[in-house]
Amino acid sequence: MKKSISILMTLAILIVASCNQPKEEKQATFDVDQAKAALDFSIKQYKGMREIVPDSLIPKSVKDGQLVARGIRDWVSGFYPASLWYLYEYSGDEELKAEAEKRTWLLEPLKDYTGTHDLGFMIYCPFGNAYRITGDEKYVPVIIKGSESLITRFNETAGVIKSWDWTRGDDWTFPVIIDNMMNLEMLLWAYEKSGNEAFKAVSLSHADTTMKHHYRDDYSTWHVIDYDTENGGAKGKMTHQGYSDDSAWARGQVWGLYGYTVMYRQTKDKKYLEQAKKVADFVLNHPNLPEDKIPYWDFNAPDIPNAYRDASSGAIAASALLELSGYVDESLSSFYLDNAHQMLKSLSSPAYLAKLNENGNFILMHGVGHLPGGSEIDAPLSYGDYYFIEALVRYLKMNNAFK
Ligand code: GLY
């Protein structure tokens, strides 16, 4: 009897002790050498990519073993040149700079394009990076004009920028997707550069209205909100790329996480920081977030744990969390960093990182573009690569190991 009491007490002490483990003990061991190795690999892979992409096109994914490349109006057109700029910034390699220049200027006509909300991705990622890295003013007018084109899509009554001009049957008339939060960085940058108050007003209105209508009580987000442009407010809440209207499509969650982190950086308004923290809490404490921290394509996919992972969501989240870790108290900061490091460690491992000259020369495997639409399922995605490279660059800069 005495023996079993003492065994029970020992067990109880062990359980209490393990609950009190400081978070640091669970830290992923991602380090500067791993980050540099992943970037060095990315350079080799993208130098190979340069050889196989037609001059007038931009790489997007791989289908049936063949590279998929698209024209400049595809929403992903900014990511390849923008990735090249980061790789040039890291390496100083003039060949990468020449390729980045060439592919960036291919996109210049987009500055007058008013048919999409994705101009932040398409213009700001490449031209913004080019300007930040070279300091050359020639990139600036493209970003300002692109911002003017983007705000033509703003509706005063609804208070948001329209995402898509196409409809899905009668499903919506003024659709706004959570992804649209990613286009506000360009507007806030353009406001600071030009002083045009309209850029700021539109971005604040869009971010505030999205907070009001896009988010559920648990801080997960719907993918699409259909707005009422006569009376304002939401007419419909649904998904397009997620599992169901009520599910949490992974990339949508992390677009919001990244978007509100940027809103806080650019405005210092605490409500955006609180929003980013709440979204991070939903994502990072979700019971369906796997051990390696790379999300399933939808947090409510019915076939979890056999559901596809979306490496792009892991990359976007890692980059956002590295930034967000700089805006919060120490314990939250180390929680965000632990998660971001685990994401980077997973993505840099053979489970997600391609082999040299395979995977259509993309860097990451296992992304999901549009599962319900039957496209880009378990495939490389140019935006997954872009945010992975960005996160690696951020990681090295934060650890004073960039050059
Ligand atoms: N913005 C489209 C996507 O995330 O797939």
Side-chain angles (χ1 to χ4, degrees), residues 58-63 68 70-80 82-83 110 113 115-126 150 153 160-168 171-172 175-186 206 210 214 220-225 238-244 247-262 279 283 294-299 301 308-320 362 364 366-388 390-391:
I58 298 285
K60 181 174 189 178
S61 185
V62 168
K63 190 175 180 206
V68 176
R70 293 275 188 256
I72 66 168
R73 285 194 173 187
D74 193 287
W75 78 276
V76 304
S77 60
F79 295 117
Y80 174 59
S83 297
L110 291 173
Y113 183 42
T116 181
H117 71 129
D118 280 321
L119 294 175
F121 290 130
M122 296 156 85
I123 293 176
Y124 187 67
C125 291
L150 179 55
R153 303 182 64 77
V160 278
I161 298 164
K162 187 181 189 184
S163 292
W164 298 321
D165 286 346
W166 56 277
T167 59
R168 198 181 58 173
D171 276 359
W172 54 62
V176 177
I177 60 174
I178 186 64
D179 324 28
N180 207 333
M181 283 300 302
M182 297 296 287
N183 295 305
L184 306 183
E185 182 174 6
M186 175 167 81
H206 188 97
T210 298
H214 245 100
S220 67
T221 171
W222 278 276
H223 183 202
V224 188
I225 302 293
M238 63 208 91
T239 196
H240 182 59
Q241 282 163 261
Y243 166 63
S244 71
S247 73
W249 174 53
R251 201 160 50 254
Q253 313 313 306
V254 298
W255 285 144
L257 172 65
Y258 193 115
Y260 282 103
T261 301
V262 169
V279 177
V283 169
I294 306 304
Y296 296 104
W297 72 280
D298 191 302
F299 281 93
Y308 290 111
R309 304 296 190 86
D310 176 31
S312 77
S313 293
I316 296 159
S319 190
F362 289 96
L364 295 178
H366 307 311
V368 173
H370 187 357
L371 192 141
S375 67
E376 297 156 357
I377 301 167
D378 197 24
L381 299 166
S382 59
Y383 41 99
D385 284 6
Y386 172 75
Y387 288 101
F388 179 53
E390 179 180 85

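Indexing begins at 1, ligand by ligand and atom by atom, following the structure's order. If you read the sequence from its start, that first residue is 1, and numbering goes on from there.
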What do you reckon, does W249 put a non-hydrogen atom under 4.0 Å from ligand 1?
-> yes
N or O contact, [X] vs ligand 1, cut-off under 3.5 Å:
X: W255; value: yes
X: R251; value: yes
X: W75; value: no

Does the side chain of V176 reach to within under 4.5 Å of the side chain of H214, using non-hydrogen atoms?
->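 Yes; the side chains approach each other to less than 4.5 Å.
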If we ignore angles and hydrogens, is there a donor and acceptor under 3.5 Å between the side chains of D298 and W249?
->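 No, no side-chain donor-acceptor pair sits under 3.5 Å.
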Distance only, no hydrogens: is a donor on one side chain within 3.5 Å (strictly under) of an acceptor on the other, for E390 and S319?
->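 Note: E390 and S319 side chains meet the donor-acceptor criterion.
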Side chain to side chain contact (heavy atoms under 4.5 Å, CB included) between W164 and H240, worked out | CA-CA 12 Å; W164 298 321; H240 182 59; 3.7 Å; yes
Those atoms of ligand 1 less than 4.0 Å from some heavy atom in D179 | 1 (N), 2 (C), 3 (C), 4 (O)
Can you list the ligand 1 atoms lying under 4.0 Å from a non-hydrogen atom of Q241?
-> 3 (C), 5 (O)
Residue pairs passing the side chain to side chain donor-acceptor pair (under 3.5 Å) test where at least one lies in residues 70-79, sequence neighbours excluded =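 Listed by first then second residue: K60-D74.
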